[in-house]
Amino acid sequence: MFTKYLFCYFTGNEPENESVHFAVSKDGYHFDALNNNEKIITQTLGKKCCRDPFIFRDEENVFHIIATDMRCYDGWSSNNTMIVWDSKDLVHWENERILDFSQFEKTKSADRVWAPQIIYDKFKKEYMIYWTHHNTDDNFDTITWYAYTKDFSVLITEPKILFNPKSNMCAIDADIVEVDGEYYLYEADGEKEGICYAVADKPNGPYLEPADNKVSVADTALEGNCIYKILDTDKYVMIADQFKAGGYFMQETNDMIHFKKVDDFSLNHLRPRHGSMLHITDEEYERLIKTFVKGKGYGD
């Protein structure tokens, strides 16, 4: 039974901060850093820097982290790869590997492969990777693409567009959640400068974009949105990066469309940038504490 929360994130644009970090929470609102807010994984492949880490539990109860393989100092249009790790216990991460999109005809000119995430498609019984994408040789902005995989190592379908907003402007950092048979896709919309949503009845769409679809209630622009359920309630919390104003913003909803601001939360001390949330068990929580925390009284 899931009882607690694991937040996976990176902490800044400097190479030493473009790495995987962990924090835990007992209530989904207040978080404590693990490993003194230092990196959990030392990346050895690709750019040796990663951003936007997404943590995922598969159908076999194995964990995976998939992230943007990118070094900010190389420029915002400088990468065409993702990086992946596996773990059986959330502590030991192995099988580091690169997913290279230059090998596919439709993405051979990719210069932005950002913010990858994974969702299990129960209709296809396969895993769908979706991400923010841009090519240099087509007429599309930086938008959401997808492909299927069985092992998070090889793509078994060609990459294709998942969601392009009606504005034909950028739509980045897509985050998909299923609630009562509906799939809500939340993204940072370039036209409306906030988090907007589209909805479908399958993970791979088609996604319908309502006219009045902005859901963020912040007074400033947001990106790097992540939505997750507060356990044992009907509430969903969305956290997002106030990339212009600085710090994180939190809001919550009961119907996936109408949100209100949350004032009582603690995340900003982590210096988080775009991250993801995983529900975990008591046993998994205690293992993380035992491994990555020195001293007693943690999280009380």
Side-chain angles (χ1 to χ4, degrees), residues 1-12 14-26 28 31-71 81-100 113 115-120 126-129 131 149-155 226 228 231 267 270-299:
M1 182 176 68
F2 300 134
T3 57
K4 296 180 175 64
Y5 308 79
L6 173 62
F7 183 38
C8 177
Y9 56 100
F10 77 108
T11 60
E14 297 74 20
E16 61 269 24
N17 295 326
E18 293 176 313
S19 50
V20 176
H21 297 246
F22 281 175
V24 289
S25 173
K26 293 181 178 181
F31 289 81
D32 294 297
L34 297 179
N35 203 36
N36 294 316
N37 209 25
E38 297 175 1
K39 65 185 177 182
I40 297 294
I41 299 172
T42 298
Q43 184 175 338
T44 64
L45 300 178
K47 298 295 184 77
K48 297 182 174 59
C49 291
C50 72
R51 304 169 65 88
D52 321 314
F54 180 78
I55 189 165
F56 176 76
R57 184 193 304 264
D58 72 17
E59 295 296 295
E60 304 299 324
N61 212 38
V62 177
F63 304 97
H64 309 274
I65 292 175
I66 187 167
T68 306
D69 178 41
M70 176 180 164
R71 175 185 161 101
T81 52
M82 303 172 186
I83 186 139
V84 186
W85 295 271
D86 306 324
S87 177
K88 295 181 179 179
D89 59 7
L90 293 172
V91 172
H92 303 93
W93 294 91
E94 57 188 10
N95 195 22
E96 182 181 17
R97 58 207 184 272
I98 295 289
L99 293 180
D100 183 357
V113 177
Q117 299 200 176
I118 300 165
I119 189 169
Y120 181 68
E126 294 168 351
Y127 298 97
M128 189 181 92
I129 301 176
W131 67 95
T149 184
K150 292 183 182 296
D151 59 4
F152 316 104
S153 298
V154 176
L155 300 184
C226 166
Y228 56 96
L231 296 167
L267 270 174
L270 304 174
R271 296 178 289 108
R273 302 299 306 276
H274 189 175
S276 57
M277 199 71 65
L278 181 72
H279 293 138
I280 58 175
T281 65
D282 283 342
E283 180 182 4
E284 291 160 351
Y285 175 87
E286 294 301 331
R287 184 188 308 130
L288 287 165
I289 296 298
K290 182 178 179 180
T291 304
F292 293 114
V293 177
K294 308 299 181 186
K296 298 181 180 180
Y298 187 83

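Here the structure is a predicted model, which means the values were calculated and not measured. Start at 1 with the first residue, then count along the sequence.
For the pair I65 and I83, the minimum side-chain heavy-atom distance is 4.5 Å or more. Residues C8 and L278 are not in side-chain contact: their nearest non-hydrogen atoms beyond the backbone lie 4.5 Å or more apart. Under the 4.5 Å side-chain criterion, counting only non-hydrogen atoms from C-beta, M70 is not in contact with V113. S87 has its side chain out of reach of W85: every pair of non-hydrogen atoms, C-beta onward, lies at least 4.5 Å apart. At least one side-chain heavy atom of T68 sits under 4.5 Å from a side-chain heavy atom of P116.
When the side-chain contact (heavy atoms from CB on, under 4.5 Å) test is applied to E126, the partners found at least two apart in sequence or on another chain are K124, Y148, K150, I156. Listed by chain and residue number, R287 satisfy the salt bridge (Lys or Arg N to Asp or Glu O under 4.0 Å) test with E283 (two or more places apart in sequence, or in another chain). The salt bridge (Lys or Arg N to Asp or Glu O under 4.0 Å) search around R71 returns D74, not counting sequence neighbours. For D58, there are no salt bridge (Lys or Arg N to Asp or Glu O under 4.0 Å) partners, not counting sequence neighbours. Partners of Y120 according to the ring pair (Phe, Tyr, Trp, His ring centres under 6.0 Å) rule, which considers only residues two or more places apart in sequence or in another chain, are Y127. Partners of T81 according to the side-chain contact (heavy atoms from CB on, under 4.5 Å) rule, which considers only residues two or more places apart in sequence or in another chain, are D69, I98, D100.
Not less than 6.0 angstrom separates the ring centroid of F10 from the ring centroid of H21.
Of the possible donor and acceptor atoms, one in the side chain of N37 sits under 3.5 Å from a partner among the backbone N and O of L270. A distance-only check finds no donor-acceptor pair linking the side chain of Y5 to the backbone of F31 [under 3.5 Å]. For T281 (side chain) and F2 (main-chain N/O), no donor-acceptor pair under 3.5 Å exists by modelled atom type.
Between the side chains of N35 and E38, no donor-acceptor pair of N or O atoms lies under 3.5 Å. A donor atom on one side chain and an acceptor atom on the other are not found under 3.5 Å apart for Q117 and S276.
Taking CZ of F63 as the reference point, atom CG of D89 lies at 8.0 Å (rounded to 0.5 Å). In this structure, the separation between CD on E284 and CG on L6 is 9.0 Å, given to the nearest 0.5 Å.
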